A.B. asks: 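Before I ask anything, let me first share the structure, which is written out below as structure tokens.
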Number of protein chains: 2
Amino acid sequence: MTIRDIAQLSGVSVSTVSRVLNNHPDVSEAVRRRVLEVVQESHYVPNNSARDLVRPQSDNIGLVVRGIGNPFFSPVIHAIEAAVEQAGYTLVLHQIHSGEDEMMAGASLARSKKLRGLVLLGGCCDYRSETIAALDIPFVCCTYTNSFGTLAQDAYSSVSIDDQMEAYRAVRELTARGHRNIAVLLDSTCDHSISQLRYKGYCRALEEAGIPLDPRLVEETGTFDLSAAYEGARRLLNRCDDMTAIFAIADSMAIAAMKAVHDSGRRVPEDCSVIAIDGIEISSYTVPTLTTLIQPADQLGGEAVRILLDMVEGRAGNRHVLLHTTLRNGESVHAPK
Amino acid sequence: MTIRDIAQLSGVSVSTVSRVLNNHPDVSEAVRRRVLEVVQESHYVPNNSARDLVRPQSDNIGLVVRGIGNPFFSPVIHAIEAAVEQAGYTLVLHQIHSGEDEMMAGASLARSKKLRGLVLLGGCCDYRSETIAALDIPFVCCTYTNSFGTLAQDAYSSVSIDDQMEAYRAVRELTARGHRNIAVLLDSTCDHSISQLRYKGYCRALEEAGIPLDPRLVEETGTFDLSAAYEGARRLLNRCDDMTAIFAIADSMAIAAMKAVHDSGRRVPEDCSVIAIDGIEISSYTVPTLTTLIQPADQLGGEAVRILLDMVEGRAGNRHVLLHTTLRNGESVHAPK
DNA sequence: AACGTTACTGGAAACGTTTCCAGTAATTCT
DNA sequence: AGAATTACTGGAAACGTTTCCAGTAACGTT
């Protein structure tokens, strides 16, 4: 079933059918109705490949995400999709796995799907100029900042929270209450990641409170899943019985950590406070509820798309936007005994 | 940058470049290397649209999922993607929202992307023969059974747990321990859904235990999110102070329910037991851990793809597979006081 | 030496659209 | 009435691939 069949069936030319399908003005009402009718009853859907092939540019926006399963990403992806659709574009979603390079995946996707722009979600940000050059469409990084200075900042956009600063704020919630033996639970799925930035914030907060950095209190899990976080927290609990608080760099890790605290016979928050950054839905339904800095997920996704489309449609150049978290005062933080 | 440029740059014809790119045998080693080299350094990626357009059939398998955010789907999607990729196909993921008809979305996707087969995840299963006919490629439904008899069973495949039976098993865990005032927490995002099947299992278990069905103990939430489940559980708790157990039809709802129980001043499981079906990762990190029937998510996804590819490649016809859950004995179930 | 194979390569058609250009009929203007 | 405009329609090229077919050169065989 092609456009030619439709043309034949409705007794008009191929061009006319095309015009009807694309809402071009120059077609009579009678013909338009007739064609639409035929289209309807023959279940015809235009072949997207042919369409994309001939159009000078597609309406495709790519989203490359590392780990769709990450619960924090759910609302972000949702917001991105909504914004993209609302603007009349189509979202092409591509997941990448631990080994892959998201930049390469993005470049490949961009060429093969003729993308207008690209959103990168949850990647490692160790891009170099050559890599960026390989990708010659506008792109925006979501959920991490470039604070390492190795990137060509003016070649792309970003929108994220200030990971280092927010981590600093989180840890200050603890130091302000008098905690001094504060552990940090990191993940290390990639080198220059969010994890490192948040770790820096942790260090700064300690330093400012005059607390020396104690390597025993730093725990880095190899993979990003709950069992790894749980085991990490267990090691911390075994190693440091003077620890009074844990800063986890993600809500999901914090949930695992709270469980580990509980299983060790201690209580959250009386014996050990837990704080995190993210604000996923489920963390306000745990017992106790998690105290965390909520990332504005909707805004993150929405803003990312807005910035990207500004670039795509030539309204504005690239820019870097920082959003702020809001503290949710749950039940998992307390002054130390 | 097209295949013609590559041909020019490497001094061979377009056909030859194509052959190199598609690993056809009839090309000399020297030429192959030369072409590959040029491809490499010019970052050339074939245009997928053109490719799909000309090939008699694509390598695309579609996945239409209702609510990517559902945590239970994460491992299923992961398994599906892995299996599809492993078989040399490409997964095209499409999310649909509450209002949309997944069958129509699937049909549209199928035509426009030239899909070889389709996986439907988490939809409502109110298909009629006409609708199925509109989609003329093999498809497999994942995560729900057809127990309503309204479907043309031999027109498609399915793989899922026996929702009614497993719900029955879950509730029997409660009746066997002596519970008699057992509530059920349903969602109602679509009419003929998993929810209804699990509800039937609940009814059967009660009947078998000689417990009359009490409508006060049936709570149906409008939407599928944690806050709705939480509110539903709260209503139950307010309404029935003789209730000693809750059967939630999904882990995530159960987590919200446990929170509601806790917030009402009662304890899980001493005052109120909670059991569910799903087995998402996080539900074994709650306090207390959730007792639930674990669905074999990996197997579900893997089997779905296997069945689908059997149909696509003509190795076998359609079939309906039922998988079994395994009980995870958590801490959320106890005998009533 | 002529021939059939084999190994490789190039030309060209085809896939299903969109869009530019040209053409026709109807309508309005002078 | 004729010219100019308008409203609509059809033809054909183009998009970037793959693949069929034909062609050439080198090689072994009789």
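In the text below, chain A, chain B and the rest are named by the order of the sequence lines, each starting its count at 1. Keep in mind the model is a prediction, meaning the values are calculated, not measured. Computed over heavy atoms, backbone and side chain alike; hydrogens, waters and symmetry mates excluded.
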A.B. asks: Between D:dC8, C:dT18, C:dT17, spot the one nearest the side chain of A:Asp26, thanks.
C.D. replies: D:dC8

A.B. asks: Strictly below 4.0 Å: does A:Tyr44 bring a side-chain N or O up to OP1 or OP2 of C:dG16?
C.D. replies: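 For C:dG16, OP1/OP2 do not have a side-chain N/O of A:Tyr44 under 4.0 Å.
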
A.B. asks: Of the candidate nucleotides C:dC15, C:dT18, D:dG10, which contains the atom at the shortest distance from the side chain of A:Val12?
C.D. replies: D:dG10

A.B. asks: A:His24 has an atom NE2; how far is it from atom P of C:dT18, in whole Å?
C.D. replies: 8 Å

A.B. asks: What is the distance from CZ of B:Arg51 to P of C:dT17, rounded to the nearest Å?
C.D. replies: 21 Å

A.B. asks: Base, sugar-phosphate alone, or nothing: which one does B:Ser28 contact when heavy atoms must sit under 4.0 Å apart?
C.D. replies: sugar-phosphate

A.B. asks: Could you check which of C:dT17, D:dG16, D:dT9 has an atom nearest any side-chain atom of A:Ser13?
C.D. replies: D:dT9

A.B. asks: Round to the nearest Å and state the distance from B:Asn48 atom CG to D:dG16 atom C1'.
C.D. replies: 11 Å

A.B. asks: Here's a test for you: under side chain to side chain contact (heavy atoms under 4.5 Å, CB included), which of A:Leu300, A:Ile77, A:Val65, A:Leu63 qualifies with A:Cys142?
C.D. replies: A:Leu300

A.B. asks: For B:Val31, report the nucleic acid contact type (base, sugar-phosphate, nothing); a contact means any heavy atom under 4.0 Å.
C.D. replies: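 It contacts sugar-phosphate atoms only.
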
A.B. asks: For B:Arg55 and C:dC15, give me the distance from atom CZ to atom C1', rounded to whole Å.
C.D. replies: 12 Å

A.B. asks: Pick base, sugar-phosphate or nothing for A:Ser18, based on heavy-atom distances below 4.0 Å to the nucleic acid.
C.D. replies: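 Touches a base.
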
A.B. asks: How many whole angstroms separate atom CG of B:Asn22 from atom P of D:dC20?
C.D. replies: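 These atoms are roughly 12 Å apart.
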
A.B. asks: Quick check: on DNA chain C, is the nucleotide nearest B:Arg32 upstream (toward 5') of the one nearest B:Val54, or the reverse? Name the residue that is more 5'.
C.D. replies: B:Arg32

A.B. asks: Using only side-chain N and O atoms of A:Thr2, determine if any of them is under 4.0 Å from OP1 or OP2 of C:dG16.
C.D. replies: no

A.B. asks: For B:Arg319, is there an ion pair with B:Asp310 - N to carboxylate O distance below 4.0 angstrom?
C.D. replies: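 Yes, B:Asp310 and B:Arg319 are salt-bridged.
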
A.B. asks: Regarding A:Ser13 and A:Thr16, is there a side-chain donor-to-acceptor distance under 3.5 Å anywhere?
C.D. replies: yes

A.B. asks: Would you mind telling me which of D:dT17, D:dC15, C:dC20 lies closest to the side-chain atoms of A:Arg19?
C.D. replies: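 Closest of the options to the side chain of A:Arg19: C:dC20.
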
A.B. asks: Is the B:Phe139 ring parallel, tilted or perpendicular to the B:Tyr156 ring (thresholds 30°, 60°)?
C.D. replies: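 Answer is parallel, since the angle falls under 30°.
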
A.B. asks: Over how many whole Å does the gap from A:Arg34 atom CZ to D:dT9 atom C1' extend?
C.D. replies: 16 Å

A.B. asks: Could you tell me how far apart B:Asp59 (CG) and D:dT18 (P) are, to the nearest whole angstrom?
C.D. replies: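 For the pair B:Asp59 CG and D:dT18 P, the rounded distance is 12 Å.
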
A.B. asks: I'd like to know whether CD of B:Gln86 has more than 12 heavy-atom contacts from other residues, nucleotides or ligands below 6.0 angstrom.
C.D. replies: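 Check fails, neighbour count at 12 or below.
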
A.B. asks: Please give, in whole Å, the distance from C:dC15 P to A:Met1 CE?
C.D. replies: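 Computing the A:Met1:CE to C:dC15:P distance gives 16 Å.
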
A.B. asks: Quick one: does B:Ser15 reach the base of C:dG11 with a side-chain donor-acceptor pair under 3.5 Å?
C.D. replies: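 Answer yes: a donor N or O sits under 3.5 Å from an acceptor.
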
